[in-house]
Every structure is written in C-alpha cells, then in structure tokens.
Amino acid sequence: MQRIEIKELLATANFGDKVNVKGWVKAFRQKRFIQLNDGSTINNVQAVIDFENTDETLLKRISTGAAISIIGTIEESQGAGQKFDLIVESIEILGDADPEEVNKTILAPKRHSLEFLREQAHLRFRTNLFGAVFRIRHATSFAIHKYFNDKGYYHIATPIVTGSDAEGAGEMFRVSTLDPQSPPLTEDGNIDWSQDFFGKETNLTVSGQLEAELAAMALGKVYTFGPTFRAENSNTARHLAEFWMVEPEVAFNDIVDNMDLAEDFLSYICKYVMDNCADDIQFLNDRELKEDSKKPMAERNPMSLIERLTFVIDNDFERITYTEAIDLLRNSKPYKKKKFKYPVEWGTDLQSEHERYLVEKHFKKPVIIRDYPASFKAFYMRLNEDGKTVGAMDILFPGIGEIIGGSQREERYDVLVEKCKAFDIPEEEMWWYLDTRKFGTAPHSGFGLGFERMVMFTTGMANIRDVIPFPRTPGKAEF
RNA sequence: GGAAAUAUAGCUCAAUGGUAGAGCGCCUCCCUGUUAAGGAGAUGGUUAUAGGUUCGAAUCCUAUUGUUUCCUCCA
C-alpha cells in the first residue's frame, strides 16, 4: 500500500479513505491516541487504536520517539483538536525507542532549553521548534534561488578552496596536506608551500565575490550561494566560523540599483516564506509571544515575528549616508549623555552600539547606510567623486545587525591599481581580477547576504547557532 | 582576542556556612475520547573537576574545564 505523507493527508483526506501513514510518535495518550509526525508538516495526525483488542507488548512499544507505520481508515474525530482521526487497523513498529533512554534525551516530552537542544543537534530536528526552523530555512533558501532564477540571474559556483588571500574579509582556515609534524622547509627555514598539494598556500574561501565579479562581467547577472569560512575568534549569537553566503553581482548596476535590488530581494524572501510556511511561521510567532511574556518589558520584541516580516514586505527601508548617520548620532540622547562607549567621529567605523541605536531606537526599521569613508572599507569598493568615501552600503536589521554588506565595485583600472598598492595587495596575485578592468570594464555592483542571518529574521530565532543544523564556532565542531 | 555570569536529580531550578528539595519527565498502578490529559505511588544526587579555609562547605577562596551573554571582527 502506497504511503501518504501527513501534509498531503491533512489537506486531502476524506472520511472512509484507507491510508498508510509512517512517522515518529510525538505522544501516546491514554493508550489510545497516537500523535504521529513525519516531518512533512508541523501538524500531527491523530491515530486512534483499540487498546482493549491490541496486544499489551505492542502497546508498550508505541512510545515517544518510536518510528511506526499505520494502516487505517479516516473517520470524523470525536475530539475537538482535529477534524479527523486515523482509526488503526494494523500497526507496525519500524524502530523502537526505549523510554528510559529517551528520557535522557531532548526527545523526552517536555520543555527544553535551547542550550540543551544544541547539545543534541542530531536529535533536535525531531522537535516542533527545529522542524519549523529547518523547514523555513529550506524555504528561505529556495526563495533565494527562485528570485534570482525568475529574474534571469545565473547561479555561479565559486571555489571553496582559494589561493588568494586578498579578499580581506577576515582570518582564514589553511588547507594543506603537508605533514604538520615535519613540513618541508625552504633553505631559510620557512615552510615550503610549493611542495603542498596545490603548489602554494591555500585557504578556505571567505567570499566568492571576486570570482562572481569575473562571471558578471560576461554573463551580466549572476549570484553565488555557498559556504564561507572565517577563522575569527568571535563568540557571539550572530557569528559562525562556517556559514552560507549569497552574493549577487550585476554588471551595469550602480550603488542605487544595488540598494534597490537588495531591498526588493529581502522583501521577496519574506513574502515567499509567509506564503509558503504559514503553519511554521504561526508556530514560531506564538512561541516567541509566549517566551516574551516571561521577560521584562524592555527585553520583549516590539513587534511579533509576523509583524516584522509583514513590515519588511510593506515598507521601504530607511536610507542614509554614513555622514548623515554620524550627524544623527552626535545629536542623539545617548551621545549627549555620554552613554556610547566608542567615539562618534567622521572617519571611524560605526560600532554595534551606534548601529543598534539607529536601527532599534531612532528609525525602528531596517536601515541602509551608504557612502562610508574609504579608509576602513575594502580595496575593491568604488571611490566616490569626493575622493574620501566609497560606494559601499550596509543593510542593518533590528536584533541582527548587518545582514547585508555590498558596494559598487571600482571598475577604473588605474584607481584600482592605486588601491591595491595602498592596501598592500600584490598586483601579481590579483592579475586575473585586474584583467576584467583592462578588457571592457564596466560599472557593476553586488552584495553579500549572510544566509543564516536571514534565517534568523525569517524564523525569529535569536541565536545563529539555532538556524544551522550543525553550527561551527570556535572550539566546536561536534557532529 | 577581551569582559562578565554560571555549573546541584534525565531536564528546569530552589536550598541565609549547620539533615540535599520542588516542578516537569521517566517507571508502576488507576481512569479511559485524550490533545501541555487526570488521579495515586515509586525511582532518581561523589552538588562540574582538583586543591584550600573551617568544628562543619552545594554555599567562602584558588585553579582547571564546560556553557551562556556582551564587546572586538564581520555576513
């Protein structure tokens, strides 16, 4: 008999249908009611078993966490929680779950802290919470591919092992097959990387941008969506050592086109998730409200998850320049009361306390800040006419901070060569990148979206370690 | 890399330097149209680890380890 998934069953079942359902036992009440879930939806199907005519040892094996297969008939439910029941005709235990053992895991039918769930990342998929999170993570990812595909972008695979260390986005993880105990040495006693697998020093990529630019200068509109790695020792709720990044790169786009694209893109993702994950979003929305009700007023979310997503769909982001941001901050209450720990001066980067003030206190909405001083931005960003700022833009979200960082790229060969010198980037290493500026160069722009930060927004989860199945952070690579 | 907090039963947490406790879960029994089911009972501890102070340490001190939060870095 063909198995039917619970999502389809709940949508299509008619009274009298005979079906086969397989899944994991969420709860077994009164020896009669089995709540069964198969991951296709957050919703369970309720199976009803005639316990008086069922073998006692079989009943014992229908325990929380067990995998079972049921053949039965759909009938109108006598209870209030569901429209129909699956009346069990036959039941097969596919995989037992010893209650004494289950009790030591997060499968135990009770509330668990996120920290405890994280310790059992291999099992947390089974919980309602993480089922919802990872279904939404999938939908978020799919929305990204769909958005770009529908608009004629090409997905480009950029290398994960990179031989260039000029990306400048952070500390890198070395990739090597040399014997760490006794690596080959050069005459002057340094490690001889020429004998390594690739014949040179290689690392895990921190960004696919430079390669994406090469593709954009021929295919026009491209995007990458791949893993990136940062060996930064940062222990925060919004950093991972291994994370996924989405990087569109578009020929002939200037910085304003770039901002328009980013805003339309983020709005589309939110709408897609709202339209396609209604049950999961509702569950996370209600869960957050419940959790918030235990917190003091000041720590609660000013808007619910659904309100936040709707807000991004319906409203434009605030757009200001770096210079305007500095003026705003210097006229702000916390600045005048000397509440900021870091100085606010034109020419220094904004600290998270400043960004939080602008996004969460002043504008109370997503903010795009553009035209940063060239001094603390990457070498490839296009120098503005003022000679002091570059065509960079960061998008800041409430509670998450920088979700997107992007720029118009420097397309002028001479200016870029000067920048390389100023940033101590050897030209001979960047010959392939500089070549695009020699042969038919053109204005172009792009940005990087931290995928997990986006999933934080679409799920409302507060810790980035809870939106990726197996988080990699300093000192942690379990599972 | 910096700072702080924290570590007690399977989980979440109490315990003012003086007998180690609750709720939930698991287990047993009762009930049987429940849906965070209900009722009764039972189980469960080298108080993270190693030292120290004290008549006496879960409690105070030191170190180590783990976890969390904030900062730095960014996405």
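In what follows, chains are A, B, ... by sequence order, proteins preceding strands, each numbered from 1.
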Asks: Would A:R32 pass as a cation-pi partner of A:F51, given that its NZ or CZ must be under 6.0 Å from the six-membered ring centre and within 45 degrees of the axis?
Replies: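 No, a cation-pi geometry is absent between A:R32 and A:F51.
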Asks: Distance check, C1' atoms only: B:U16 and B:A58, in whole angstrom units.
Replies: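 Per the computed distance, 13 Å lies between those C1' atoms.
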Asks: When the C1' atoms of B:G41 and B:G25 are compared, how many Å lie between them, rounded to an integer?
Replies: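 Looking at atom C1' only, B:G25 and B:G41 are 16 Å apart.
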Asks: Nearest 0.5 Å please: distance from the CD atom of A:Q408 over to the CD atom of A:E410.
Replies: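 The CD atom of A:E410 is 8.5 Å from CD of A:Q408, to the nearest 0.5 Å.
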Asks: Between B:G25, B:U35, B:U68, which nucleotide gets closest to the side-chain atoms of A:K110?
Replies: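 The closest nucleotide is B:G25.
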Asks: B:U34 phosphate, OP1 or OP2: any side-chain N/O from A:Q78 under 4.0 angstrom?
Replies: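 No, outside the criterion.
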Asks: In whole Å, measure the gap between the P atoms of B:U59 and B:G23 for me.
Replies: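 It works out to 25 Å between them.
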Asks: Testing A:Y272, A:F451, A:Y223, A:F265 for ring-ring contact (aromatic ring centres under 6.0 Å, His included) with A:H145, which one passes?
Replies: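 Output: one option passes, namely A:Y223.
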Asks: If you look at every strand shown and take non-hydrogen atoms under 4.0 Å, does A:I400 touch a base, only sugar-phosphate, or nothing?
Replies: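 Since no nucleic acid heavy atom lies under 4.0 Å of A:I400, the category is nothing.
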Asks: When the nearest nucleotide of RNA chain B is assigned to A:S352 and to A:G475 on a heavy-atom basis, which residue is associated with the more 5' position?
Replies: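 Looking at RNA chain B, the more 5' nearest nucleotide goes with A:G475.
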Asks: Using atom C1' of each nucleotide, how far apart are B:A37 and B:C24 to the nearest Å?
Replies: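 These two C1' atoms come out 15 Å apart once rounded.
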Asks: With sugar-phosphate meaning primed atoms plus P, OP1 and OP2, does A:N235 contact a base, only sugar-phosphate, or nothing at under 4.0 Å between heavy atoms?
Replies: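 Base, at least one base atom sits under 4.0 Å.
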Asks: Base, sugar-phosphate alone, or nothing: which one does A:D85 contact when heavy atoms must sit under 4.0 Å apart?
Replies: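 Base contact.
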Asks: I'd like the P distance from B:C73 over to B:G2, given in whole Å.
Replies: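 Result for the P pair: 16 Å, nearest Å.
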Asks: Over all strands shown, is A:A80 touching base, sugar-phosphate only, or nothing at heavy-atom distances under 4.0 angstrom?
Replies: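 Counting heavy atoms under 4.0 Å across all strands, the contact made by A:A80 includes a base.
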Asks: Check this one for me: any side-chain N or O of A:S234 less than 4.0 Å away from OP1 or OP2 of B:U72?
Replies: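 Checking A:S234 against B:U72: no side-chain N or O falls below 4.0 Å of OP1 or OP2.
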Asks: Of the listed nucleotides (B:C73, B:G25, B:C27), which one gets closest to any side-chain atom of A:P99?
Replies: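 Looking only at heavy atoms from C-beta outward on A:P99, the closest nucleotide is B:C27.
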Asks: Give a yes or no on whether a donor-acceptor pair under 3.5 Å exists between the nucleobase atoms of B:C74, that is its base, and the side chain of A:H239.
Replies: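 Answer is yes: a donor-acceptor pair is held.
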Asks: What is the distance from CD1 of A:I34 to C1' of B:U34, rounded to the nearest Å?
Replies: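 It works out to 13 Å between those atoms.
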Asks: Identify which nucleotide among B:U35, B:C27, B:U69 has an atom closest to any side-chain atom of A:A237, counting heavy atoms from C-beta outward.
Replies: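 For the A:A237 side chain, the nearest candidate turns out to be B:U69.
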Asks: Taking pairing as Watson-Crick or G-U wobble with both contacts under 3.5 Å, can you name the mate of B:G66, or confirm there isn't one?
Replies: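 WC or wobble partner is B:U6.
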Asks: OP1 or OP2 of B:U34 sitting under 4.0 Å from any side-chain N/O of A:R32?
Replies: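 The answer is no; no side-chain N or O of A:R32 sits under 4.0 Å from OP1 or OP2.
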Asks: Counting any heavy atom closer than 4.0 Å, what does A:F116 reach on the DNA or RNA strands: base, sugar-phosphate only, or nothing?
Replies: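 Answer is sugar-phosphate: A:F116 comes under 4.0 Å of backbone atoms only.
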Asks: Rounding to an integer number of angstrom, what distance separates B:A48 and B:A40 when you compare their C1' atoms?
Replies: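 Between the two C1' atoms, the distance is 36 Å.
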Asks: Pick base, sugar-phosphate or nothing for A:K377, based on heavy-atom distances below 4.0 Å to the nucleic acid.
Replies: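 Nothing, no heavy atom under 4.0 Å.
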Asks: How would you label the contact of A:G79 with the nucleic acid (heavy atoms, under 4.0 Å): base, sugar-phosphate, or nothing?
Replies: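 It contacts base atoms.
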Asks: With distance as the sole criterion, do the side chain of A:Q46 and the base of B:U34 form a donor-acceptor contact below 3.5 Å?
Replies: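 Yes, a donor-acceptor pair under 3.5 Å.
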Asks: Give one of base, sugar-phosphate or nothing for A:T228, where a contact means two heavy atoms less than 4.0 Å apart.
Replies: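 No contact.
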Asks: Give the ring-plane orientation class for A:Y372 versus A:F376, where under 30° counts as parallel, over 60° as perpendicular and anything between as tilted.
Replies: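 Ring orientation of A:Y372 relative to A:F376: perpendicular.
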Asks: Does A:K60 put a side-chain nitrogen or oxygen below 4.0 Å from OP1 or OP2 of B:U28?
Replies: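 Yes, within the criterion.
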Asks: Taking the nucleotide of RNA chain B with the closest heavy atom to each, which residue, A:Q82 or A:K104, is nearer the 5' end?
Replies: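 Whichever sits nearer the 5' end wins; that is A:K104.
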Asks: With respect to the side chain of A:V48, which nucleotide from B:G33, B:C26, B:C70 is positioned closest?
Replies: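 Minimum distance to the A:V48 side chain belongs to B:G33.
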Asks: To the side chain of A:F51, which of B:U32, B:U72, B:U34 is closest?
Replies: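 Nearest nucleotide to the side chain: B:U32.
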Asks: Can you check whether A:F451 stacks with the B:A75 base, using ring centres under 5.5 Å and planes within 30°?
Replies: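 No; centroid distance or tilt outside limits.
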Asks: How long is the straight-line distance from CD1 of A:I42 back to CG of A:N128, given to the nearest 0.5 Å?
Replies: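 Result: 5.0 Å between the selected atoms.
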Asks: Supply the atom-to-atom distance A:F379 CZ to A:K419 NZ, rounded to the nearest 0.5 angstrom.
Replies: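 The NZ atom of A:K419 is 9.0 Å from CZ of A:F379, to the nearest 0.5 Å.
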Asks: In terms of side-chain heavy atoms of A:F243, which of B:A75, B:U34, B:G25 is nearest?
Replies: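 Closest nucleotide among those given: B:A75.
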Asks: From B:G1, B:U35, B:C74, pick the nucleotide closest to the side chain of A:R29?
Replies: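 Comparing B:G1, B:U35, B:C74 against the side chain of A:R29, the answer is B:U35.
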Asks: Look at A:N103 and B:G10 and indicate whether a side-chain polar atom (N or O) is within less than 4.0 Å of OP1 or OP2.
Replies: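 For B:G10, OP1/OP2 do not have a side-chain N/O of A:N103 under 4.0 Å.
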Asks: Does A:R465 put a side-chain nitrogen or oxygen below 4.0 Å from OP1 or OP2 of B:U67?
Replies: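 False: A:R465 side-chain N/O out of range (4.0 Å or more) of B:U67 OP1/OP2.
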Asks: Taking only the C1' atom of each, what is the distance from B:G66 to B:C26 in whole angstrom?
Replies: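 Between the two C1' atoms, the distance is 26 Å.
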Asks: Within less than 4.0 Å of OP1 or OP2 of B:C31, is there a side-chain N or O belonging to A:K31?
Replies: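 For B:C31, OP1/OP2 do not have a side-chain N/O of A:K31 under 4.0 Å.
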Asks: Using only side-chain N and O atoms of A:N463, determine if any of them is under 4.0 Å from OP1 or OP2 of B:U69.
Replies: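 Yes, because at least one side-chain N or O of A:N463 sits under 4.0 Å from OP1 or OP2 of B:U69.
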Asks: With rounding to the nearest 0.5 Å, note down the distance linking OG1 in A:T127 to CZ in A:R111.
Replies: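 Nearest 0.5 Å value for the OG1-CZ distance: 11.5 Å.
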Asks: Over all strands shown, is A:Y342 touching base, sugar-phosphate only, or nothing at heavy-atom distances under 4.0 angstrom?
Replies: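 Sugar-phosphate: the residue A:Y342, judged by heavy atoms under 4.0 Å, touches backbone atoms but no base.
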Asks: Below 3.5 Å, does any donor atom in the side chain of A:Q30 face an acceptor in the base of B:A37, or the other way round?
Replies: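 In this structure, the two groups form a donor-acceptor pair.
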Asks: Can the ring centres of A:F470 and A:F125 be said to be less than 6.0 Å apart?
Replies: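 Close enough - the centres of the two rings lie under 6.0 Å apart.
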Asks: Please round to the nearest 0.5 Å and tell me the distance separating atom CG of A:D280 and atom CZ of A:R137.
Replies: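 Between A:D280 CG and A:R137 CZ, I get 15.0 Å after rounding to 0.5 Å.
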Asks: B:C73 phosphate, OP1 or OP2: any side-chain N/O from A:Q351 under 4.0 angstrom?
Replies: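 Answer is yes, contact under 4.0 Å.
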Asks: Under the 3.5 Å rule, do the base of B:A36 and the side chain of A:R111 count as making a donor-acceptor pair?
Replies: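 By the distance-only test, no, there is no pair.
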Asks: Is any side-chain N or O of A:R453 under 3.5 Å from a base N or O of B:C74, one able to act as donor and the other as acceptor?
Replies: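 Indeed, a donor on one side and an acceptor on the other fall under 3.5 Å apart.
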Asks: When the P atoms of B:G21 and B:U43 are considered, how many whole Å apart are they?
Replies: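 B:G21 and B:U43 have their P atoms separated by 13 Å.
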